[in-house]
K.L.:
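Starting off with a structure, shown below.
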Amino acid sequence: MKVFNEQHAMFRASVRSFVEREVAPHIDAWEAAGRIPKSIWPRMGELGLLGVEYDEKYGGGGADLLTSVVLHEECARSRCASFAMAVGVHTDMASPHLYWTGSEALKARYLPAVCRGERLTAIAVTEPGGGSDVAALRTRAVRDGDHYVLNGSKMFITNGATADLYLVAARVAAGDADRRHRGISMFLVERETPGFVVSRTLDKMGMRASDTAELSFQDMRVPAEHLLGREGVGFYEVMRVFQRERLVTGIQAHAMAERALEDTIAYVRERHAFGGPLADKQVVRHRLADLATLIEASRCLTYAACLKYQAGEEVVREISMVKLFSAEMVNRVAYDCVQLHGGYGYMREYAIERFARDARLLTIGGGTSEVMKEIIARLLLP
Ligand SMILES: Cc1cc2nc3c(=O)[nH]c(=O)nc-3n(C[C@H](O)[C@H](O)[C@H](O)COP(=O)(O)OP(=O)(O)OC[C@H]3O[C@@H](n4cnc5c(N)ncnc54)[C@H](O)[C@@H]3O)c2cc1C
């Protein structure tokens with residue numbers, strides 16, 4: 001499938017070079033620290049890697065969706081999925097709320113710093129009481145003069161401990177049955193706002209270089225002009241940005257899996273057992289062939305959805321399938337690649353061990369596999 005042009009190829013080479021020189025050497029230190037140093041963001045801004053699709057008048061690159069695909073593939077190839085996730089949250093999961101629904105004044109004020117990497121963004125939707133049922137969220141926003149007063153808490157927020165700007169979902173109207181969805185609004189919140197608290201940084205199984213936090217809002221006064229879009233449309237905006245997030249997850253999944261497969265092929269060539277390299281054993285070769293086929297299927301499904309998305313077509317069904325298939329695929333690849341590494345696959349010093357822990361998140365974050373099946377089934381059986 002021919003998808004990319006010359007410009008995309010040049011962009012790919014520059015992102016790859018950045019990742020090899022400025023990300024790969026630091027992965028172990030970032031994993032141990034549980035966070036990525038803030039200095040990486042202005043550097044990525046300087047290289048034009050943040051806001052690649054945003055309008056140039058806000059400091060963006062004015063490029064197409066496929067340029068973002070290249071960015072996320074190359075970040076995910078880094079063997080540090082948590083770095084790729086932190087980037088994806090900033091560029092494609094949090095800041096689009098501002099770009100798509102923020103007022104002109106808000107965009108002019110904040111987007112240039114977002115594109116320069118001077119202000120890192122986070123998206124705060126999930127709450128301690130639940131993430132799958134977004135319409136049930138309980139954080140309240142009450143209008144008081146020219147402010148909204150927010151009270152509530154958010155859970156599992158990527159970039160949560162280190163961000164500067166938070167895109168927060170809160171309920172403005174009471175949550176009775178038919179206003180469940182229509183009562184939700186999105187707000188842009190500055191970290192320095194009184195009442196904003198990072199309650200704790202969470203300790204995770206994988207994705208350890210990316211910080212994940214629980215947040216709490218205690219009588220947090222947010223200027224009314226920081227409401228994004230109209231009051232009550234927040235749920236639909238969260239769903240719109242979810243499409244983007246799920247597409248990016250699909251891109252990251254096949255790029256992560258491809259790198260793991262490359263590492264595993266290199267390993268089975270080197271490793272000898274029963275008088276020859278593992279790579280000569282038919283059972284090993286067939287297993288690798290299965291994995292390569294799964295990865296290719298995932299890539300094709302994702303690229304096809306990207307092209308439809310770029311053409312402005314309705315793609316909820318396709319994107320839900322991408323998220324479901326790619327997240328399950330990367331976990332199958334992780335299981336088999338660890339197995340093919342034998343005992344070394346279980347050791348921290350091998351990148352494949354980190355890959356397996358990181359991959360586990362993909363069937364959970366951004367909408368679980370079960371939720372994806374619900375969406376697909378609802379479209380199949382209306
Ligand atoms: C590392 C990490 C980073 C994250 N980053 C962010 C972030 O930046 N911002 C943010 O807002 N959120 C973030 N999340 C939250 C993530 O999106 C949620 O964890 C996810 O949506 C699932 O919600 P939950 O954890 O509350 O699980 P629940 O909704 O409680 O679900 C628990 C289980 O029940 C299943 N289930 C739920 N409903 C149904 C149903 N109707 N039918 C069948 N099964 C069902 C689920 O599939 C799951 O298996 C992150 C999570 C993690 C772990």
Side-chain angles (χ1 to χ4, degrees), residues 89-90 93-111 113-114 119-200 212-242 244-245 366-367:
V89 165
H90 178 67
M93 302 171 196
S95 63
H97 281 283
L98 171 60
Y99 188 68
W100 290 346
T101 45
S103 66
E104 198 47 49
L106 278 186
K107 291 199 279 191
R109 181 162 171 210
Y110 291 105
L111 272 174
V114 166
R119 293 222 188 193
L120 178 64
T121 56
I123 172 78
V125 175
T126 306
E127 300 190 345
S132 298
D133 187 4
V134 172
L137 66 82
R138 293 162 71 165
T139 293
R140 293 299 305 269
V142 176
R143 182 78 188 237
D144 179 23
D146 53 4
H147 283 75
Y148 285 90
V149 182
L150 270 66
N151 278 285
S153 53
K154 296 290 174 183
M155 187 53 118
F156 307 138
I157 306 308
T158 302
N159 300 341
T162 52
D164 306 287
L165 296 174
Y166 296 78
L167 288 302
V168 175
R171 176 173 301 288
V172 177
D176 56 84
D178 57 318
R179 289 193 60 92
R180 253 169 55 97
H181 302 85
R182 285 181 290 127
I184 295 170
S185 296
M186 293 299 298
F187 296 89
L188 178 72
V189 175
E190 291 197 22
R191 183 195 183 85
E192 297 76 24
T193 310
F196 174 93
V197 178
V198 176
S199 319
R200 61 186 172 126
T212 308
E214 179 173 1
L215 310 175
S216 105
F217 314 133
Q218 298 158 6
D219 291 329
M220 181 173 74
R221 293 180 71 79
V222 177
E225 64 266 23
H226 282 217
L227 169 72
L228 299 172
R230 280 178 297 114
E231 207 181 81
V233 298
F235 177 82
Y236 305 98
E237 286 308 320
V238 168
M239 292 303 133
R240 179 154 75 121
V241 179
F242 264 162
R244 184 94 197 180
E245 171 167 357

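Index from 1, following the sequence.
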K.L.:
So, the side chain of Lys154 versus the backbone of Ala169: is there a donor-acceptor pair under 3.5 Å, distance only?
P.N.:
yes
K.L.:
Identify, with sequence neighbours excluded, every residue that meets salt bridge (charged side-chain N to carboxylate O under 4.0 Å, His left out) alongside Arg244.
P.N.:
Glu53, Asp92
K.L.:
Could you give me the CA-CA distance, side-chain angles and deciding distance for His97 and Val238, then say whether side-chain contact (heavy atoms from CB on, under 4.5 Å) is met?
P.N.:
CA-CA 8 Å; His97 281 283; Val238 168; 4.3 Å; yes
K.L.:
At their closest point, which heavy atom of Ala124 faces which heavy atom of Leu215, and how far apart are they?
P.N.:
CB-CD1, 4.2 Å
K.L.:
Taking side chain to side chain donor-acceptor pair (under 3.5 Å) as the test, write out the residues that go with Thr212, two or more places apart.
P.N.:
Lys204
K.L.:
Just to verify, what does Thr121 make a side-chain contact (heavy atoms from CB on, under 4.5 Å) with, not counting sequence neighbours?
P.N.:
His90, Ala94, Ser95, Val114, Leu165, Leu167
K.L.:
So, using side chain to side chain donor-acceptor pair (under 3.5 Å) as the criterion, who are the partners of Ser153 when residues are at least two apart?
P.N.:
none
K.L.:
With sequence neighbours left out, write down each residue that passes salt bridge (charged side-chain N to carboxylate O under 4.0 Å, His left out) with Asp219, or none if nothing qualifies.
P.N.:
none
K.L.:
With rounding to the nearest 0.5 angstrom, report the CD to CD distance, Glu214 to Glu127.
P.N.:
10.5 Å
K.L.:
Mind jotting down which residue pairs meet the ring-ring contact (aromatic ring centres under 6.0 Å, His included) criterion with at least one end in residues 123-153? Sequence neighbours excluded, please.
P.N.:
Tyr148-Phe187
K.L.:
Output all residues satisfying side-chain contact (heavy atoms from CB on, under 4.5 Å) with Thr101, sequence neighbours left out; order by chain, then residue number.
P.N.:
Leu228, Glu237, Arg240
K.L.:
Under the criterion side-chain contact (heavy atoms from CB on, under 4.5 Å), I'd like the reasoning laid out for Arg140 against Arg171: C-alpha separation, chi angles, the key distance, then a yes or no.
P.N.:
CA-CA 5 Å; Arg140 293 299 305 269; Arg171 176 173 301 288; 4.2 Å; yes
K.L.:
List for me each residue that meets side chain to side chain donor-acceptor pair (under 3.5 Å) alongside Glu104, sequence neighbours excluded, and say none if there are none.
P.N.:
Tyr58
K.L.:
Got a second to check how far Arg200's CZ is from Ser216's OG, nearest 0.5 Å?
P.N.:
11.5 Å
K.L.:
Atom CZ of Arg109 and atom OG of Ser103: how far apart are they, to the nearest 0.5 Å?
P.N.:
10.0 Å
K.L.:
Hey, mind stepping through Trp100 and Val241 against side-chain contact (heavy atoms from CB on, under 4.5 Å) and telling me if it holds?
P.N.:
CA-CA 9 Å; Trp100 290 346; Val241 179; 3.7 Å; yes
K.L.:
What residue among Thr139, Val189, Val149, Asn151 forms side chain to side chain contact (heavy atoms under 4.5 Å, CB included) with Met220?
P.N.:
Val189
K.L.:
List for me each residue that meets side chain to side chain donor-acceptor pair (under 3.5 Å) alongside Arg191, sequence neighbours excluded, and say none if there are none.
P.N.:
Tyr166
K.L.:
Should Arg143 and Val172 count as side-chain neighbours, where that means a heavy-atom distance under 4.5 Å?
P.N.:
no
K.L.:
Got more than 12 heavy atoms from elsewhere within 6.0 Å of CZ, Arg138?
P.N.:
no
K.L.:
Does Thr162 have any side-chain contact (heavy atoms from CB on, under 4.5 Å) partners at least two apart in sequence or in another chain, and if so, which?
P.N.:
Arg35, Lys38, Leu120, Asn159, Asp211
K.L.:
What are the two closest heavy atoms between Gly160 and Ala213, and how far apart are they?
P.N.:
C-CB, 3.7 Å
K.L.:
Heavy atoms only: give me the nearest Val222-His226 pair and the separation to one decimal.
P.N.:
CG1-CB, 3.7 Å
K.L.:
Taking only residues two or more places apart in sequence, or in another chain, which ones meet Glu225 in a side-chain contact (heavy atoms from CB on, under 4.5 Å)?
P.N.:
Pro223
K.L.:
Can you see which heavy atom on Ile157 is nearest to which on Ala122, and at what distance?
P.N.:
CG2-CB, 4.0 Å
K.L.:
Could you walk me through whether Glu190 and Phe196 pass side-chain contact (heavy atoms from CB on, under 4.5 Å), step by step?
P.N.:
CA-CA 9 Å; Glu190 291 197 22; Phe196 174 93; over 6 Å; no
K.L.:
For the CZ atom of Arg182 and the CD1 atom of Ile184, what is their distance to the nearest 0.5 Å?
P.N.:
11.5 Å
K.L.:
Quick one: salt bridge (charged side-chain N to carboxylate O under 4.0 Å, His left out) partners of Arg221, sequence neighbours excluded?
P.N.:
Asp144
